[in-house]
Structure formats: C-alpha cells, structure tokens
Number of protein chains: 2
Amino acid sequence: MMPSPAPNPVTVSEPDPSRRNNLALLTSLVHHNGGLSRAQLTKRTGLNRSTVGTLIGQLVNLEVVYETAPSGEAQVGRPSPIVRPRPSIAALAVNPEIDAVTIGLVGLGGKVQKKIRFDTERIPTAKEAVNIAAAVIAGMRSELDTSYRVMGVGIAVPGLVNRDDGVVRHAPHLGWRDEPVARMLGEATGYPCHAANDASLGAEGELLFGAGAGQKNLIYLNGGASGIGGGIIADGALLRGTSGYAGELGHTFVRSSGKPCHCGATGCLETEVSQSPLFELAGLGGGDAGQLEQALRANSSEAVGAEVARQLEYLGIALRNAVNTFNPEAIVLDGFLGVLHALSPGTLDSLLRSQALDGPAGQVKIYRAALGSDLMMIGAAELAFTQFLADPAGAFPIPTLSQADHAESGALAQSGTLP
Amino acid sequence: MMPSPAPNPVTVSEPDPSRRNNLALLTSLVHHNGGLSRAQLTKRTGLNRSTVGTLIGQLVNLEVVYETAPSGEAQVGRPSPIVRPRPSIAALAVNPEIDAVTIGLVGLGGKVQKKIRFDTERIPTAKEAVNIAAAVIAGMRSELDTSYRVMGVGIAVPGLVNRDDGVVRHAPHLGWRDEPVARMLGEATGYPCHAANDASLGAEGELLFGAGAGQKNLIYLNGGASGIGGGIIADGALLRGTSGYAGELGHTFVRSSGKPCHCGATGCLETEVSQSPLFELAGLGGGDAGQLEQALRANSSEAVGAEVARQLEYLGIALRNAVNTFNPEAIVLDGFLGVLHALSPGTLDSLLRSQALDGPAGQVKIYRAALGSDLMMIGAAELAFTQFLADPAGAFPIPTLSQADHAESGALAQSGTLP
DNA sequence: TGGATTTGTTTCGCTATCCAACATATTACG
DNA sequence: CGTAATATGTTGGATAGCGAAACAAATCCA
C-alpha cells in the first residue's frame, strides 16, 4: 500500500540540494534569454537584489556566466550590468536522419558554434550513426578539451524514444528497433549521453529560443520526409508521459476508412498529410521546405490548390483535437506543415474557430517555426544541458579555461560515405 | 522583449514563502493518504527525521493534523506515530447538474462529511444554482462556524470553465454562458470560491484518492447524461492549458461525416458514444450507471451487443489518440463509459494494443473509476483546498476549536423545488 | 535478558536568503 | 553645470529551514 516511491530518496552526498534551486533558476534564465541584466534577473526571479548579487558572483566564479557593461539603453538610475552565458560551456548534439547524421556543438545561450552534416548514401543503422557521431566528435576532441566544457551529448531521433534509458523503441523511418543509442554513444565518446524524440526536442527548442518564446502551453508540429512529429509543452514543461513517448500527434485519427498507417491503425494524420504529393505537384524531386514553398508559390494550378486545401483540412482536424485537449496559447508549425500554413494563411485559423470549442479556440495563435535548421541542434543540446542546468554548481571539477567564448558561429559542411 | 512575467513578484508580506514548501509537502501527503506514520513521511519526502519532527510539530500546533498511537503492525524498531489530517479543516463542494445541485462538506483527508442533493424540477440557471448552494450553506453556517474551519468552496461545472477567474465560459447542457459563478457564490457566502470543469476535478479526485492513486500520468473520462468529459493528469499535475479549458476529450474526432455536434464540429466522440441509446436498449427511462449495467447484463440481445461494440470502437479511437498523445500509465473510465468497458472487458485493451503505437500502448492499463458518487465532492473540495495546501501556515487566524474531528460521515438527502 | 533495529528528540551548526543602510551611476530639470 | 530623483550594486547583520550527530525510547528476536 505504498502509492509512490520517495521523490528524493538517496543522493545525500551534496549539501542540501533542495536549496540550490535559485542558482539553477538564474542559470536557466540567462541561458534561455542569452543575457539579462541583473535588474531584470531580480524582477524575474522575485529574489532580493543582494541575493541575486551573490548568486551571480558564484556563477561568475564557476565560469558559467560573465558580466559585460550595461546596454546603451538610456534609463533613469544606475545601469545594470548584463549577465551573459559563457558559450564555452557547451553540449554536443546529434541528429540521425534518413540521409545524413548531423553533429553540432551548442554553447550555453543556445548559439550553434559548429554544425557538421555527414551525408550518408543509405539510411544509417543505429551502429553506423553512432560510429559517425563518435568519429566526428573524436575529431573535435582536442578543441573540445582545450576550449570547452562539454556537459554531454543529446541525440534527437525521429521515432519513439524512452527518455529515461535512451533506448530507441522504434524509429520506423530509420528502421531502428530497441536500439540503446544513448548507451552506445556514451561508451564510444565517454560523455554522458541522452536521447529523445526529435519533435519533442524541437518543441523545447522553439519554446525556449524560437517562435514560442515565453509561452507556457504550446504545440509544435513538424512535417518532414519521415512523417509528422509532435511535441507538446504544457505549463512550461515538455509533456513526457510515462516513458517519454508522449506527443505523437502524427498519429492522430483524422479520417474514417483512411489509408493504413505503418503504425497499425488507419486514418492517421501522417498518412493523409504528407509532403511527397506536394513535392510531386511542385515538380521537385526533393529539397527542403523553403524550396517547396517557392515552387508551390510559383505554381498556381488548381491541382496544387486542391491538394493544399485537402491537406489543410486534415491538419485542421488534428489541430482541432489538440486545441480541445490542451488549450494552448500557440501552435508552431515546422517543415512542410509551415509551408502549408503559409500558402493559405487564414485557413487553419478559421477551421479552428469554427470547429474547436469556443474557449480554447479563441486563444490559440498559429505560428511558423523560427529556428530553421539549427532547431534540432539546439533542442538536442538542451537535452544534454538539463542536468547541468538543474545544478550548475555540482559535478564539474574541470577548471579548463578558454578563449572560445567569443568565437564566431561557424558552420562547416562535410560529406562522406558510410564506413 | 519580456518573455514572461515575474513568477514571484509581489506578496512580500509573508516571510520567505519559498522556504515554506516542505510544510506544504507534508500537509498534502497526509491529506492525500489519509494518515501516514512519521517514518513513512521521512521516507517519502527525503527530509531528515528531525526536520519532519519539527514540521509535524508545527502542523499539530496549527491544528492541521493530529497524531495517534502507532498502528498495530508488528515491526522491528520503535513504532512511529500516525499523523492524521483533521477533518475539521474542511472545504465545501458544489456540483450543479441538469436535475440537481449537490452541496457537500469534505474534510481534510478527503472524507465526505456531509452531502446534500437538492433536486430541481428543471435545469437550474446559474443564478438559481448559486442561490440553492448559498441557501444550503447558510443553513449549515452555524455548524460550520463552530465545528469547522472552512477553507473555501469549489464548484464543479459540466462545461468550459476558466479556472483563473471562475467564469463558466460555456456549459452547453446547463445552457450557461459567461457566468461568473465563483464570484457570484463568493459574494453570496463570503467564502473564497473557485470553479473548474467537473471532469478535470474528477481526474484529480481519482488520482489522489481513487483508482489512479499514485500514478503520475492518467486520463480520466466520464460519461454521463450531459456527454463525455475528460481530465488529464500529466506528470502528477492536472493539465490545465492557458485558461483551464484543457482536457475536452469528449470532442475528439472519431468519425468522418459523423453527426453534427453542438460544439460546431462533426464526428465528435460525444455524439457517437452516448448513454441514451444504451438506456433505451436496456428498457430504462433513466437511472445511474449501476442500474444501466445491471439491465444491460440481463439483456443478452444482439442489438445490445452490437451497440456496445459500436460505441467501444469509437471510444477506442479516442483512447488511441489519447494514448499516442500522452503516453499515460492509466485510463480511468467513469459513468456509462465504465459500464461499456465492464461489459466487454478485453475489447478496449486489444483495440489499443493493435492500433496505438507500440511504446505507449504497451504500458497503459484501463481501470474503472472507484469513488462513485463522492467523486465530484472530493474533486471540487480539492479545488478549494489547493490554496491552503500550498501554504498551510499562512492566512488563517481562525482559532476556532472543535470536536467535529471524529464525526461520522453522514449523508443527508433532501429535495425541493426551485425558488 | 540482552542485542539489534528503527524511530523520536535534542542540540548545534550551516547557509541561503532577506533586510536595511549605504554607495554609485545614470537621467531629469533647473 | 549642479542638484534632485531614481534605480541599482554592495555590505553587514539577522533569521529560519534544514541536516548531522548523539542520545533516548520502543519494539522484535534469540
């Protein structure tokens, strides 16, 4: 008759973890806003000026943040110095896809310092993806060791991922099943590794650094070559569910006697709304969302209009459900879903207004994603940052100093074949 | 460029509210478990023995809890006294329905002390419901003032309710629109009043005291005369959304070209799955879920089986969506939905296993609700308790002592006509 | 009866925080 | 140009919530 386990049972090693919260709060605030004045920090946290002062002092000592001269904005009163995140505190991001594995380095503050896209000629297996990532990371290793403090690696996988143990339960488009990618990459690199669903991480990325900044309830939907992924932010936190599988809005039911989906059901959103017919109508063999939008805008045929309308109608049903269920402030559409919405701006809004319940529908706004190709890197890095953000003072004795803090954001491109 | 307001801006009157959390934690634990030994409390909270000791001492002084002799369970070591919630700390619950307004008094610990059902001859307006509730409460007033400390009133409304301001946005079956019921009842009684959706409160009730005890992610669905309401618990907390409208699973899309729903859409769960055809087939004019179940079990006609199967199929679609979206551990079915499930036990499980995604579907279990007719009282009372539970030491100078703590749970029945 | 075990109790010390007073840097206004 | 007004950083107590350790009490077990 013990309903639930102890929330705070062991880990008595550190002194009083329940009280170190405000240090973490300040760190997150600085990280997610890329720099805030001390005055703003006191307002945001509700803490005392003096408390913020001492805490910031600690973070400066820990080399987590640094202070710069006040911004030029003219205001009455003593100017407040700006507290900025050190980009030398960094996390690695890995994103395996159908045709590439992308590895990135993201600094505290969410700036992508480095991005390396490794094109593959066929769909990578889990082992291959891990090998590629490990090799690229090994190549960066000396730079990482001298100029950064790497807090870990985050892996964004298009599929069902158990966030607790980092096992990919099923990634249909990659053909992966029960692959312990986090453990594999952890053993290969020595860094602590975590894995999660790519759309969930995208939702967090857009929430913290993108179109949904400052919202507390938002729904993120991404349409790509491998279907539709979703991530849900409820009350400021990602909806995870029992094992981190939550958010699979791509398999929302939208049509009776619809086509069978690879998931075993019929009439899923992702079988009715997909990018391949759009690419065909646009006369494109492949490409990204931007190219698709251009091509569709150039083509004003009826067939295009009909297909766009058809897909928007099904998307509208899924969004109606989501709005009734979550009562969000914002819906963020990424990939080709963003294109659909942009091609016919008012359609989804009016569908929602007429079909969803009055209350929830009246408050929701639909946005297009803002972070583009950096999103996955930022989201995955956030996964690796979480542990650090929860306790910025704990567990890193690495005194490595560096000058990488003001490095420019350089993006490399590279390609190769599978090993 | 200010993404969000200060989380802790004003209310500087009380000394350091950020540190009073463990007192609240203990209070909630005792409340929701109806009594725990001090040893269990230390394990659950992870706090030090001595800390728990002092905190419990405070709660005893505040007359929030009392200690009783250790339970008879034989164990090695010094027996630990049981900390019990004082039922004299109480909250009022109000639940307007189509044919009645029910008023209840619930003590800390979740025991219903009193329940008065006021039958109405027609659907009550908001004003009538408030009048009835206020009159019944006025009648109890002297007892309340002498024997209880009433923390407030919670109103459970079948409809869209803005939890922040207590305004009923739209309760279709009651015919209410934009009714500020919380303010109305607050003015009529002088108690702090809050209102929320009935199914949301049901979800919380079942989570804390019923079938879902100890779960962190569960979905509650209630089927009644006025349709299907839903409440979602994610990560231990009720999903509220921007304004508390979240959880309307009754309007999940389950059928293309289905019947039009009063919400403006078509193919909603609540139009396809409803209790009236079941009552007809059972040959009943009305009644509760228990009577319906008995009648349907007695009737083994094909028509009944077909209708049950049809409704279960649509319910399965809605549950499939919900499972894919939330990855819950448990689904709790109440009202006639519980009957449907009980009549054909394995059906929903196998529907989920074949149609929902592997990961989430493998973990979910379907339960029938456990709290019966007390649920709404408990849930609504919880709404009134929340403020108190967040700060048990703050804001009640009422030193009223009482002997109602050991009163028996008495349920009254009463009926009348509209004023 | 005595040891093992678990838990309540007491005392003490730590530390995160707030508060109040003071110092400093800026704008506003004469 | 100087003074007032304003907002903020800084410093030195004071406080309170909590943990650690030692001790005391109440149970089971051999």
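Each chain gets a letter, A, B and so on, in the order its sequence line appears, and its residues count up from 1.
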Integer-rounded Å distance: D:dG9 P and A:Gln40 CD:
10 Å
Are the side chains of B:Val65 and B:Thr27 in touch, meaning some heavy atoms are under 4.5 Å apart?
no
Interatomic distance, B:Leu23 CG vs D:dA16 P [rounded to whole Å]
14 Å
CD of A:Glu67: more than 12 outside heavy atoms within 6.0 angstrom?
yes
Rounding to a whole Å, what distance do you find between A:Leu25:CG and C:dA16:P?
15 Å
So do the side chains of B:His194 and B:Arg163 get within less than 4.5 Å of each other, counting heavy atoms only?
no
Kindly say whether, by distance alone, the side chain of B:Ser50 makes a donor-acceptor pair under 3.5 Å with the base of D:dC18?
no
List the steps and the verdict of side chain to side chain donor-acceptor pair (under 3.5 Å) for A:Arg84 and A:Thr68.
CA-CA 7 Å; A:Arg84 294 184 191 282; A:Thr68 61; 3.2 Å; yes
Distance, rounded to the nearest Å, where A:Lys43 contributes NZ and D:dG9 contributes P
10 Å
Short side-chain N/O contact from B:Thr42 to OP1 or OP2 of C:dT7, under 4.0 Å
no
How long is the line joining CG of A:Asn22 and C1' of C:dC18, in whole Å?
12 Å
Could you give the CD-to-P distance, from A:Glu67 to D:dG9, as a whole number of Å?
8 Å
Do the non-hydrogen side-chain atoms of A:Glu206 and A:Leu371 ever get within less than 4.5 Å of each other?
yes
On the nucleotide C:dT9, are OP1 or OP2 found under 4.0 Å from the side-chain N or O atoms that B:Arg38 carries?
yes
Do the two ring centres, one from A:His31 and one from A:Phe209, sit under 6.0 Å apart?
yes
Nucleotide-resolved protein contact map, nucleotides 22-30 of chain C, B/S/- at heavy-atom distance under 4.0 Å
-BBBBS---
With a 4.0 Å cutoff (strictly under), does any side-chain N or O of A:Ser80 reach OP1 or OP2 of D:dA7?
no
Separation of atom CG in A:Asn48 from atom P in C:dA21, rounded to whole Å
14 Å
Round to a whole Å and report the spacing from CD1 of B:Ile56 to P of C:dT9.
11 Å
Does some side-chain heavy atom of A:Gln113 sit less than 4.5 Å from a side-chain heavy atom of A:Pro87?
yes
